[in-house]
There are 4 protein chains.
Amino acid sequence: MRCDAARNRERVLAAALELYRERGGAFTVEEVASRAGVGVGTVYRRFPTKNALLDELARPFFEQLLTTAQAAHGHPEPAERLEVFIRAMAEQHAIDGVRSGRLWDAAVARPLRDEYVRTLGLILAEARAAGRVRADVEPYDVGVVVWSITGLIDATQHAAPVIWRRYLDLLVDSLRPGGERPLATRPVTQGDWEDLVAASPVLRLG
Amino acid sequence: MRCDAARNRERVLAAALELYRERGGAFTVEEVASRAGVGVGTVYRRFPTKNALLDELARPFFEQLLTTAQAAHGHPEPAERLEVFIRAMAEQHAIDGVRSGRLWDAAVARPLRDEYVRTLGLILAEARAAGRVRADVEPYDVGVVVWSITGLIDATQHAAPVIWRRYLDLLVDSLRPGGERPLATRPVTQGDWEDLVAASPVLRLG
Amino acid sequence: MRCDAARNRERVLAAALELYRERGGAFTVEEVASRAGVGVGTVYRRFPTKNALLDELARPFFEQLLTTAQAAHGHPEPAERLEVFIRAMAEQHAIDGVRSGRLWDAAVARPLRDEYVRTLGLILAEARAAGRVRADVEPYDVGVVVWSITGLIDATQHAAPVIWRRYLDLLVDSLRPGGERPLATRPVTQGDWEDLVAASPVLRLG
Amino acid sequence: MRCDAARNRERVLAAALELYRERGGAFTVEEVASRAGVGVGTVYRRFPTKNALLDELARPFFEQLLTTAQAAHGHPEPAERLEVFIRAMAEQHAIDGVRSGRLWDAAVARPLRDEYVRTLGLILAEARAAGRVRADVEPYDVGVVVWSITGLIDATQHAAPVIWRRYLDLLVDSLRPGGERPLATRPVTQGDWEDLVAASPVLRLG
DNA sequence: CATGAATGAGTCTTCATTCAT
DNA sequence: CATGAATGAAGACTCATTCAT
């Protein structure tokens, strides 16, 4: 029965993901169960809590995000990698369709996040070496840029994808060197980043 | 009695605003009532529904936003107005402390939003005339820029305000002319904008 | 509406008491509500928790117990008071019909319990002065004697009241002086008593 | 396979007994199964119902009780047997650690109970012949005395064993002859005793 | 036979909204 | 008008029991 069980687990996860995409946390466990074609008890057998279920949604999301980041880092032309990275992150986020909101804070995302930031640091270093990025931009700045674009994607993906694409163009351009004025505010640190993630809008229901 | 009634209405609104700032929609009507020093019945006398009450929170918020925009437009140096405008919007949003989320979509915000966009158009035209902005930026692009920064402010205002400030610096810089590549995506239209607003994350509880 | 509210509160309490007598904690809040002729919400308005409701059941029970103890202490003949006390406690417990189980431990019972033990101490002192009790019996011993008889009453009150009455006769007799052998075990202390109360069988449902 | 099956049955029983001692009925069948190292299905193969399992717990308990009673009856000095019996019952109950509550009523206990009462009758007759017990005490009275002490043991065994030991001393003393007043209530009959057992507090979960 | 996955009725609790006083 | 009591539909979670593998 391992096999059936695994299938049901996937169904539950799929149902939850669907609902999360549609309504961002505002669904009942019963809905998940019935959409997955199982009883509530089955949901609770696999996930001790509704929140645990939501957390589990984060795993494939971040795994994919990390894969995308690493693929960008593997791009043949180092000088292009930063732009490729940012655009790829946005595309994947749009394709995935998850409203990332709460998920960045899921326990499961922690190690993946770290690896993600590390990759981002490598990419930025290369872009800097190639003179393809403003000198005053730091790794976490790029993280914030991506974070901000995902917020826009979440909100506009279905209704008006043109918005985030145009905004993305602008953002990408903003990172390029040339005639920039020095940034007045100090760079974003890891601690700031943690705070950002921890404070990201909670879409869960009470 | 009119006077008492009006006072009660204000109290309720003030209490709701406080709670909204603290917990973003995750509060009960009883809490609003008790913080306002009235009974629930009184809240329901003034506002037919909890959602109606939340909508009403949007009015002063947008009025203030509009005032801020107009003040920026009144800035003595036309060439500076765009930057002043963007920074002022961010500051006011941060000061106001409202998580704007749902509020842009409130019925009450409609006329104010239009006026806001009109003002923004004027400011942008002046900036363009003064050569202080990329030629390919359109009014709604600025709207989106401001919208995106407010998302960051909402999330980081308490925990790490440095984040949004630095990001704001970068954004402001990104709008300046000089060496930019043409934007690949078409400008944001009014329709896109409406969609953005309508799809903004709903922070209401179920 | 104060009046109605108070009436409803009483009804809820009465319904809960009835059910507690019948089934000792094994009832649902919905049952309490429907037997009281109100909705569940009304129950929860008055009592934040099912356990809080059960605790509240303890109050009149212990108040009555204390009253009974004090009445016994007021008995005209000091020498008789101890026996009168023990018999009265048993009678009242039987009349009240509460399975005392959990109630001794209710927060509300604390101060009443202390007063109860104090009264018991006075009565015992008088009985000793009158030579009507074994010299080696201490106040908490009497408390335990009463506690043990209530256990029997709880279990047999409906089915075979003769049992506890006969046992009570025996117990009362056992406290009288004359030919007794010294008790081998040290007296019960206040700490022991607290432990007894705290460990009394929990009849609440999970 | 018989052998495995029997082993499993014992394991389940042992696990259930452990849990019953720890939490008196407030455990799940899954807990029993996992502590026994089997699946729930296996538990249900051996015991049709959770209650049936609990009933089965009574068997060794009563067998031991009976053994203890018979050992007391075999005590070399007939005159001492009653006291030895009572003390031994208490000790065994305390050692065994079962909260006897529900168990006296288990179907399985019926024949053992009868034998137990018979033994008790023999012991009492001997004590009476030796003039070591009040003349008005009947067999079932002794049963009730033991029953009442077990209630105290259940409640205080872990927290304050001194309590039941002292109470036991008092009870033992109370049965001795000398200066007693006649008991006002009629003796306990077999029917009363059955009622007592049947009404003993139900510790089962809903 | 053993396993443990699946079930779903049942429990407590919350809260927007209505309505008697 | 104001009050706050009453309502009851949900919702998250538990667990004895059944049943497919």
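Note on naming: letters A, B, ... go to the chains in the order of the sequence lines (proteins, then strands), and numbering restarts at 1 for each one.
Considering only side-chain N and O atoms, C/R45 lies nowhere under 4.0 angstrom from the phosphate OP1 or OP2 of F/dG4. Residue C/T42 places no side-chain N or O under 4.0 Å from the OP1 or OP2 atom of F/dA5. Distances shown here put every side-chain N or O of A/N8 at or beyond 4.0 Å from the OP1 or OP2 atom of E/dA5.
A salt bridge does not link D/R11 to D/E18: none of the charged side-chain nitrogens sits closer than 4.0 Å to a carboxylate oxygen.
The nucleotide whose nearest atom lies closest to any side-chain atom of C/A5 is, among E/dT21, F/dA6, F/dT17, F/dA6. With E/dC12, E/dG8, F/dA16 as the choices, the nucleotide that has an atom nearest any side-chain atom of C/T28 turns out to be E/dC12. Nearest nucleotide to the A/R46 side chain, out of E/dA6, E/dT14, F/dA12: E/dA6. Taking the side chain of D/T49 as heavy atoms from C-beta on, and the options E/dT21, F/dT17, E/dC12, the nearest nucleotide is F/dT17. In the set E/dA6, E/dA16, F/dT17, E/dA16 carries the atom at the smallest distance from any side-chain atom of B/K50.
Annotation: cation-pi geometry satisfied between C/K50 and C/F27 (NZ/CZ under 6.0 angstrom from ring centroid, within 45° of ring axis).
When each of D/V38 and A/V40 is assigned the nucleotide of DNA chain E bearing its nearest heavy atom, the one mapping closer to the 5' terminus is D/V38.
C/R9 comes within contact range of no nucleotide atom at all, as no heavy-atom separation falls under 4.0 Å.
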